Amino acid sequence: MSATKFDLIVIGSGPGGYVAAIRASQLGLKVAVVEKAEVGGICLNWGCIPTKALLKSGQVFQYINHAKDFGINVGEASADFPAMVQRSRGVAAGMSKGVEFLIKKNKIEKLLGFGKLVGSKQVEVTDADGNATVYDAEHIILATGGRAKELPHIKIDGEKVIGYRQAMTLSEQPKKLVVMGSGAIGVEFAYFYNSIGTEVTVVEYLPRIVPNEDADVSKELERNFKKQGIKVLTNAAVQTVDTSGNGCVVTVKDNKKDKETTIECDVVLSAVGVETNLEGIGLEEVGVAHDRGKVLVNDYYQTNIPSVYAIGDIVQGPALAHVASHEGIICVEKLAGLTPEPMNYGNIPGCTYTVPEVASVGMTEEMAKEAGYEVKVGKFPFSASGKASASGHKEGFVKVIFDAKYGEWLGCHMIGSNVTEMIAEAVVARKLEVTGHEIITAVHPHPTLSEAVMEAAALAYDECIHL
C-alpha cells in the first residue's frame with residue numbers, strides 16, 4: 001500500500017472521529033485522520049471538557065462562600081475570572097495532548113488541513129498554506145461535527161453577541177449577561193456566570209427551561225435557578241439586540257402577554273442550538289445524500305455511496321460526544337467485517353452540569369403516556385436522603401417511570417448533586433431489560449445518593465420505606 005493509500009480516512013478528530021480511528025487501528029486497518037484545528041475537536045477543546053473546568057471553578061467558589069454552613073471559617077473569597085479561564089484552557093490542552101498521544105500510539109497518520117471528498121474513495125486535504133494533497137482510501141468516515149447556531153436576525157459578532165467559544169474565553173467577566181436558549185449549553189453558562197457574581201437572565205422561547213427534560217425536572221431546575229438569583233423568562237423571545245452603545249440593549253417579547261420589555265447587559269450569549277459542518281466537504285460533488293443539514297445513513301452509518309460513512313452531529317440523533325464515539329465504533333466494526341449491535345437511540349443518557357445537575361434516559365412521563373403506556377411513577381426527593389443531608393445538597397429528586405403491565409423501565413430522570421454519575425445504573429439496567437422489582441431487590445449501599453434510585457422504584461410500587 002502506498003504512502004497516500006489508506007484502508008480508512010476519517011475527516012475530523014472529535015470524539016466521533018478519533019475514537020473511530022483508534023478502533024479501526026485496533027482492528028488492523030491502516031488509518032489516517034484529517035484535522036484542520038486541534039485534535040479532539042469541539043468536545044475536548046471548546047465543549048464538554050473546558051466547560052466542566054469552568055463549572056468546577058464556579059462550584060468551588062460557591063463552596064468557599066458557604067463554608068460556614070459546614071462549620072468552617074474562611075476569609076472573604078473573590079473570583080479571579082482570567083485565572084478560571086486559564087485553568088479551563090489548560091485542562092483542554094492537556095486532554096488534547098492525550099488524544100495526540102493515543103493517535104501516535106495507535107500508529108494513525110495525522111493529516112493537517114481541511115478535508116474534502118473528491119471521489120468516492122479520495123480525500124483532498126488542503127493545508128494552512130493552501131497546498132492540496134489527494135489521498136486514497138477504501139473507506140472514508142465523515143465526522144465534521146457542528147458549530148454554534150445563529151438566529152437569522154441576531155448575528156454572533158464574537159464581542160457583544162457571542163457563542164459558546166467566546167463564552168469560555170472572555171477577557172473579562174461581564175457584570176450582566178443575557179442567555180438566549182436554555183438547553184444544556186445555555187443553562188450551564190448561566191449557572192457558571194451567576195456563580196461568580198454576574199447578573200444573569202435566561203430567555204427561553206418554549207414554556208419551560210431545559211425543554212427536552214421531564215416537566216418535573218424543568219420546574220425543579222427553574223426553582224433552583226431563581227433561588228440562586230438567575231432570572232428566568234420562559235414563553236419569551238429575543239426580538240432585537242442593539243449593540244450600538246457600550247453594552248447591549250435586548251428587546252424581549254413575552255409571548256403569553258404579547259408585551260415587550262428591554263434588558264440592558266454587557267454581553268448576549270446565543271445558545272440556541274448547533275448546526276452541522278457540511279459546507280465544502282464534497283457531498284454534492286460525490287453525490288452523498290443529505291437532508292436538512294444531516295447526512296443520510298443506514299444503521300451502520302453507511303451513506304448512499306458505499307465507501308463513504310458519516311457519524312456524530314452530522315447524522316440524525318442527539319448531538320452528544322458519547323453518541324458520536326459509539327457511532328464511530330459501530331461504523332468501524334461493521335466495515336471491518338464484525339457484527340456490531342446497532343445503536344439503541346431510545347437508551348441514550350443526557351447530562352447537564354449545572355448545580356443542581358440534571359441527568360436522564362428514556363421516556364419522560366408525558367412521552368410514556370402519549371405512547372399509550374399505563375405507567376407506575378416513583379419520585380424520591382433527596383431531602384429524604386441521609387447522604388444528601390450530610391453533604392449539604394438536599395435539592396432535587398430521582399424520578400422513575402415503569403410500564404405497569406410488564407414492569408419495563410421506561411425512563412429515569414434525576415436532578416441533584418452528582419446525578420450525572422448515577423444515571424449509568426438506569427442505562428445499563430434498561431439495556432438488560434431489568435424490571436422495577438429487580439431494582440428494588442438489588443441492594444444499594446448506604447449512605448449514598450444512589451439509594452434514591454432504589455427508593456424511587458419502591459415508591460412506584462408502593463413499597464418505599466423512607467418516605
Side-chain angles (χ1 to χ4, degrees), residues 1-27 29-47 95-147 276-288 290 295 297 301-303 305-315 319 321 324-325 327-329 331-332 335-336:
M1 190 177 288
S2 70
T4 58
K5 173 81 173 179
F6 296 91
D7 295 316
L8 172 66
I9 293 177
V10 183
I11 302 178
S13 73
Y18 86 76
V19 168
I22 290 172
R23 184 67 184 124
S25 179
Q26 290 174 344
L27 293 171
L29 278 63
K30 182 180 179 185
V31 185
V33 64
V34 182
E35 179 53 63
K36 67 175 183 176
E38 309 97 336
V39 169
I42 294 297
C43 176
L44 264 66
N45 295 283
W46 299 102
M95 293 299 296
S96 184
K97 286 176 184 174
V99 175
E100 288 266 15
F101 167 77
L102 291 174
I103 286 173
K104 288 179 183 176
K105 175 188 172 185
N106 287 279
K107 299 180 175 58
I108 297 163
E109 187 162 344
K110 186 173 71 172
L111 307 175
L112 287 173
F114 183 86
K116 175 184 178 180
L117 293 170
V118 290
S120 61
K121 294 188 177 185
Q122 288 187 314
V123 174
E124 179 185 82
V125 180
T126 304
D127 66 20
D129 298 322
N131 302 312
T133 305
V134 175
Y135 299 89
D136 298 319
E138 283 300 308
H139 306 279
I140 300 165
I141 296 178
L142 305 173
T144 52
R147 62 187 184 276
T276 50
N277 295 325
L278 296 185
E279 301 86 352
I281 62 172
L283 299 183
E284 288 76 18
E285 291 88 334
V286 177
V288 175
H290 57 97
V295 178
V297 294
Y301 311 101
Q302 188 176 42
T303 71
I305 307 299
S307 57
V308 179
Y309 308 78
I311 61 173
D313 295 359
I314 63 172
V315 301
S325 296
E327 288 172 344
I329 292 169
C331 177
V332 164
L335 69 83

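Everything quoted here is computed from the prediction, not taken from an experiment.
With sequence neighbours left out, Ala324 forms a side chain to side chain contact (heavy atoms under 4.5 Å, CB included) with no residue at all. Every residue two or more places apart in sequence or in another chain that forms a side chain to side chain contact (heavy atoms under 4.5 Å, CB included) with Ile329 is listed here: Val19, Arg23, Glu333.
Contact detail for Ser96 and Val39: the closest heavy-atom pair is OG-O, 2.7 Å. Taking all atoms of both residues into account, the shortest heavy-atom contact from Lys121 to Ser307 is CG-OG, 3.7 Å. Contact between Ala143 and Ile314 at its shortest, heavy atoms only, is N-CD1, 4.4 Å. When all heavy atoms of Leu29 and Ala336 are compared, the pair lying nearest together is CD1-CB, 4.3 Å. Glu38 approaches Ser13 most closely through the heavy-atom pair O-OG, 3.8 Å. Closest non-hydrogen pair, Val31 versus Ala24, comes out as CG2-CB, 3.7 Å.
Using a 4.5 Å heavy-atom threshold, the side chains of Glu35 and Val33 count as separate. For the pair Tyr309/Ile311, no side-chain contact is recorded, criterion being any heavy-atom separation below 4.5 Å from C-beta on. Under the 4.5 Å side-chain criterion, counting only non-hydrogen atoms from C-beta, Glu138 is in contact with Lys5. Inter-residue side-chain proximity for Leu283 and Leu142 is flagged as met; some heavy-atom pair is nearer than 4.5 Å. With contacts defined as side-chain heavy-atom distances shorter than 4.5 Å, the pair Ile11/Phe114 does not qualify. Side-chain contact check for Asn106 versus Gln26: some heavy-atom pair is nearer than 4.5 Å. Side-chain contact between Glu285 and Val118 is absent, with no heavy-atom pair separated by less than 4.5 Å.
In this structure, CG in Asp313 is found 8.5 Å from OG1 in Thr276, a value given to the nearest 0.5 Å. The CG atom of Asp136 sits 5.0 Å away from atom CD of Gln122, with the distance rounded to the nearest 0.5 Å. Atoms CG and CD1, on Leu8 and Ile108 in that order, are 9.0 Å from each other to the nearest 0.5 Å. Taking CG of Leu111 as the reference point, atom CD1 of Ile9 lies at 6.5 Å (rounded to 0.5 Å). Atom-to-atom distance recorded for Glu284:CD and Glu279:CD is 9.5 Å, nearest 0.5 angstrom. Interatomic distance, OG1 of Thr133 versus CD of Glu124, reported as 8.5 Å (0.5 Å rounding).
When each of Val125, Thr144, Thr126 is tested with Val34 by the rule side-chain contact (heavy atoms from CB on, under 4.5 Å), just one qualifies, namely Val125.
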- [ ] Could you walk me through whether Asp127 and Leu112 pass side-chain contact (heavy atoms from CB on, under 4.5 Å), step by step?
- [x] CA-CA 6 Å; Asp127 66 20; Leu112 287 173; 5.9 Å; no
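Panel note: side chain Ser325, backbone Ala321; a donor-acceptor pair is recorded below 3.5 Å.
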